[in-house]
Amino acid sequence: MKALLASLLESSLNSFQKLSVTHCYAIKCGSVSDIYVSNRILDSYIKFGFLGYAHKLFDEMPQRDSVSWNTMISGYISCGKLENSWCLFTDMKRCGCYVDGYSFSRLLKGIASAKRFDLGEQVHGLVIKGGYECNVYVGSSLVDMYAKCERVEDAFEAFMEISEPNSVSWNALIAGFVQVRDIETAFWLLGLMEMKAAVTMDDGTFAPLLTLLDDPMFCNLLKQVHAKVLKLGLEHEITICNAMISSYADCGSVSDAKRVFDGLGGSRDLISWNSMIAGFSKHEQKESSFELFTEMHRNWIEADIYTYTGIVSACSGEEHQSFGKSLHGLVIKKGLEQVTSVSNALVSMYIQFPTGVMNDALSLFESLKSKDLVSWNSIMTGFSQKGLSEDAVKFFSYLRSSNIEVDDYAFSAVLRSCADLATLQLGQQTHALSTKSSFESNEFVTSSLILMYSKCGVIENARKCFDQISSKHSTIAWNAMILGYAQHGSGQVSLDLFSQMCNQNVKLDHVTLTAILTACSHTGLIQEGLELLNSMESVYKIQPRMEHYAATVDLLGRAGLVNKAKELIESMPLSPDPMVMKTFLGVCRACGEIEMATQVANHLLEIEPEDHFTYVSLSHMYSDLKKWEEKANVKKMMKERGVKKVPGWSWIEIRNQVNAFNAEDRSHPLSKEIYLMIENLTQEMQWLDSDNGFDQASLMGVNFVF
DNA sequence: TTAGGGTTAG
């Protein structure tokens with residue numbers, strides 16, 4: 001009978017039905033009272049994921065030993081139920097059962113996943129009391145626990161206690177330094193590990209290390225690591241390949257990522273597909289990520305939440321609107337709409353669609369039951385990007401008053417909104433708050449602060465924020481400062497900063513060059529601007545985009561070189577977009593090239609009949625020329641097409657209150673006094689400027705605003 | 001009969 005049971009126990013490991021039969025047979029022949037038999041059945045139930053059956057059997061066992069308790073603790077840890085495991089562990093000790101190395105290592109694994117440093121320290125005390133700190137299993141679990149809790153020094157101490165650390169101990173320690181992004185120490189440890197003959201570097205060593213190499217500046221290091229992987233014969237390890245796909249994509253080499261992905265062939269797993277889809281998506285190769293998603297479907301690979309998050313993030317433009325909406329349908333069908341990460345990606349997708357203001361994104365956000373920081377940040381960024389800055393500020397205030405955590409993304413979004421609203425007082429308050437919360441040094445927060453101060457006219461405070469940056473390698477901070485000076489008319493300072501940026505080897509991007517072209521334009525540095533545009537590809541390896549052409553058209557226009565601007569547009573390798581054409585229309589108007597302006601305007605009216613800009617420009621041009629009939633025709637056309645001019649609003653912040661007004665606005669209760677004051681000021685300016693050569697035209701702006 | 005580390009999301 002015992003021989004039959006032993007053989008049943010062996011064969012029941014691969015089928016739940018067989019396990020049930022074995023359990024029944026064990027009950028029938030009274031073998032469940034045998035602690036060895038019950039422990040094996042208990043373990044099998046847990047391996048099949050039937051924790052309820054396992055716990056019932058555990059409760060019914062007349063006798064339990066350490067293996068029974070450890071198996072149950074392990075079962076609860078595997079499904080993330082640390083509280084249950086902790087209760088079992090406490091009961092185990094109360095019952096006087098011997099707590100051994102197995103108990104500690106399983107419990108520590110759960111504590112590490114939950115990042116419960118407080119519990120970890122308690123267990124560490126018990127480990128020392130029991131004399132298990134030298135045990136390689138317990139010791140490695142302690143290293144892992146401290147590493148996951150980001151206590152790398154404690155992890156190092158625990159590592160030093162292990163009498164003979166093996167590769168798992170080393171890997172856990174290295175992963176700890178990876179977690180806190182201490183690249184130097186992580187690679188130093190790798191070097192030490194390599195020198196130890198007793199331990200071998202494996203997939204568990206390289207997979208976490210590779211996640212650190214997520215920037216083009218690590219491209220060479222990544223290639224060296226890849227070479228080491230090849231030398232050690234680890235190039236077919238799936239976790240290494242998956243990490244390598246992400247690293248190559250993050251380092252800017254999607255082609256290398258694809259090579260690794262292709263090299264995997266049939267051994268690809270879901271993570272490989274997800275990583276490749278995300279890699280294509282990050283590098284604007286949206287179509288390739290859509291193709292891969294379709295291929296996944298063709299290969300009957302079931303997409304998971306990572307897949308949907310990645311593919312939804314790839315849908316950002318007008319051309320992806322319909323596919324994005326289909327994906328939303330698929331997400332609903334799969335019952336994943338309430339998964340926070342998936343829903344967050346959908347919210348960001350709807351925000352980036354050009355049509356519709358925020359309604360789709362907002363209703364999705366509101367229906368999401370479990371919102372995290374990303375959800376709030378996405379919706380605030382959306383408000384900020386869509387020009388609904390007041391709403392972004394309101395959401396931020398709500399988060400603060402509700403004691404919901406705010407992070408660097410939230411600060412960045414709200415400071416950008418303060419910049420948009422030009423609300424200096426609110427911006428200063430947010431600045432103080434960011435300092436208090438230690439987010440001031442974050443590069444995104446700093447660049448938003450620079451943006452806010454320069455938009456509010458306090459360029460010297462923007463400079464103070466810039467000067468306080470500890471790491472001067474943040475491209476976005478340099479960009480913000482250069483743009484700030486350019487918009488303030490201090491183009492030469494912008495150009496000086498640009499030289500410093502080049503000398504200090506700070507990475508440039510397309511935004512830097514747009515800012516420099518703007519600086520040249522606002523300072524009349526025509527030759528410098530043109531040279532920069534011509535050398536973008538050869539010197540800076542950046543392909544000119546539409547905004548660069550628009551900035552250069554503006555530069556030429558401000559210098560009155562309308563024909564040069566026309567030549568530039570004609571020589572563009574891509575057909576000019578409406579932004580370039582609208583800039584050129586402004587140039588034609590300013591230079592009095594009526595015929596050319598009319599041609600450009602007609603073209604714009606054809607491609608963008610709904611945009612009020614062209615109608616307003618034409619109308620102003622005809623007013624200037626006193627061509628009343630043509631002006632009336634434009635007005636008629638606007639009426640027929642239902643196009644409305646969006647009034648230009650101005651605002652002023654008084655005692656933390658924003659007062660908005662537009663041209664000829666007389667709604668303010670004190671408007672009589674306000675207009676009287678303007679009249680007085682205007683007279684005073686005329687009197688002051690009579691010696692300085694200012695003419696009436698320079699005062700028109702003042703009159704127009706009010 | 002029960003243990004430890006590693007890869008994908010703004």
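Computed over heavy atoms, backbone and side chain alike; hydrogens, waters and symmetry mates excluded. Just so we're on the same page: letters track the sequence lines, and every chain starts at 1.
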#### Entry: Nearest-nucleotide pick for A/Tyr102, side chain only, options being B/dT2, B/dT7, B/dA9
B/dT2
### Query
Checking all strands, does A/Ser105 fall into the base, sugar-phosphate, or nothing category for heavy-atom contacts under 4.0 angstrom?
base
### Task
Indicate, with a heavy-atom threshold strictly under 4.0 Å, whether A/Thr211 touches base, sugar-phosphate, or nothing.
sugar-phosphate
#### Entry: From B/dT8, B/dG10, B/dT1, nucleotide with atom closest to A/Tyr36 side chain
B/dT1
### Query
Is A/Ser378 touching bases, backbone alone, or none of the nucleic acid, heavy atoms closer than 4.0 Å?
nothing
### Query
Out of B/dT8, B/dA9, B/dA3, which has the shortest distance to the side chain of A/Asn135?
B/dA3
### Message
Go through it in stages, so that I can follow the logic: the residues are A/His328 and A/Leu364, the test is side-chain contact (heavy atoms from CB on, under 4.5 Å), and I'd like the CA-CA distance, side-chain angles, deciding distance and then a yes or no.
### Response
CA-CA 11 Å; A/His328 189 178; A/Leu364 197 62; 3.7 Å; yes
#### Entry: Touch class at under 4.0 angstrom, heavy-atom based, for A/Ser348 against every strand present
nothing
### Query
Looking at A/Trp376 versus A/Phe365, is the centre-to-centre ring distance below 6.0 Å?
yes
### Task
For the side chain of A/Asp202, starting at C-beta, report the closest nucleotide among B/dT7, B/dG10, B/dG5.
B/dG5
### Query
Which nucleotide, B/dG5, B/dT1, B/dA3, lies nearest any side-chain atom of A/Arg40?
B/dT1
### Query
Would the number of heavy atoms belonging to other residues, nucleotides or ligands and lying under 6.0 Å from OH of A/Tyr53 be above 12?
no
### Message
Can you tell me which nucleotide in B/dT2, B/dT8, B/dA9 comes closest to the side chain of A/Ser246?
### Response
B/dT8
#### Entry: side chain to side chain contact (heavy atoms under 4.5 Å, CB included) partner of A/Val123, the single match among A/Ile128, A/Leu108, A/Leu142
A/Leu108
### Message
Of the listed nucleotides (B/dA9, B/dG5, B/dT7), which one gets closest to any side-chain atom of A/Thr309?
### Response
B/dA9
## Note on the structure
Taken to the nearest whole Å, CH2/A/Trp273 to C1'/B/dA9 is 19 Å
### Query
Does the aromatic ring of A/Tyr306 sit over the six-membered base ring of B/dA9, closer than 5.5 Å centre to centre and tilted less than 30°?
no
### Task
Classify the nucleic acid contact of A/Asn39 as base, sugar-phosphate or nothing, counting any heavy atom under 4.0 Å across all strands shown.
base
### Task
In whole angstrom, give the distance that lies between atom OH of A/Tyr137 and atom P of B/dT2.
11 Å
#### Entry: Nearest-Å distance for atom pair CZ/C1', residues A/Phe383 and B/dG10
17 Å
### Query
Looking at B/dT2, B/dT7, B/dA9, which one has an atom nearest to any side-chain atom of A/Ser341?
B/dA9
### Message
If you compare every side-chain N and O of A/Ser313 against the phosphate oxygens of B/dG10 (OP1, OP2), does one of them come in below 4.0 Å?
### Response
yes
### Stacking of A/Phe104 on B/dA3 base (centres under 5.5 Å, planes under 30°)
no
### Query
Between B/dG10 atom P and A/Ile379 atom CD1, what is the distance in whole Å?
17 Å
### Task
Write down the distance between NZ (A/Lys109) and P (B/dA3), rounded to a whole number of angstrom.
10 Å
### Task
Return no unless some side-chain N or O of A/Lys282 is found under 4.0 Å from OP1 or OP2 of B/dA9.
yes
### Length of the CD1-P vector between A/Ile240 and B/dT7, whole Å
12 Å
### Query
Whole-Å distance between B/dT8 C1' and A/Ile301 CD1?
14 Å
### Query
Contact class for A/Thr71 (heavy atom, under 4.0 Å): base, sugar-phosphate, or nothing?
sugar-phosphate
### Query
In whole angstrom, what separates A/Tyr308's OH from B/dA9's P?
18 Å
### Residue among A/Leu57, A/Asp34, A/Asp65, A/Asn70 satisfying side chain to side chain contact (heavy atoms under 4.5 Å, CB included) with A/Asn39
A/Asp65
### Query
Is a side-chain donor or acceptor of A/Ser348 paired with a backbone partner of A/Ser378 at a separation under 3.5 angstrom?
no
#### Entry: Nucleotide of B/dT8, B/dG10, B/dA3 approaching A/Val374 most closely (side-chain heavy atoms)
B/dG10
### Query
Across the strands shown, which category fits A/Val136 at heavy-atom distances under 4.0 angstrom: base, sugar-phosphate, nothing?
base
### Query
Under 6.0 Å between ring centres, would you say that holds for A/Phe261 and A/Trp273?
yes
### Query
Heavy atoms under 4.0 Å, any strand shown: does A/Asp250 hit a base, just sugar-phosphate, or nothing?
nothing
### Message
Using a 4.0 Å heavy-atom cut-off, does A/Gly310 contact any base of the nucleic acid, only the sugar-phosphate backbone, or nothing at all?
### Response
nothing
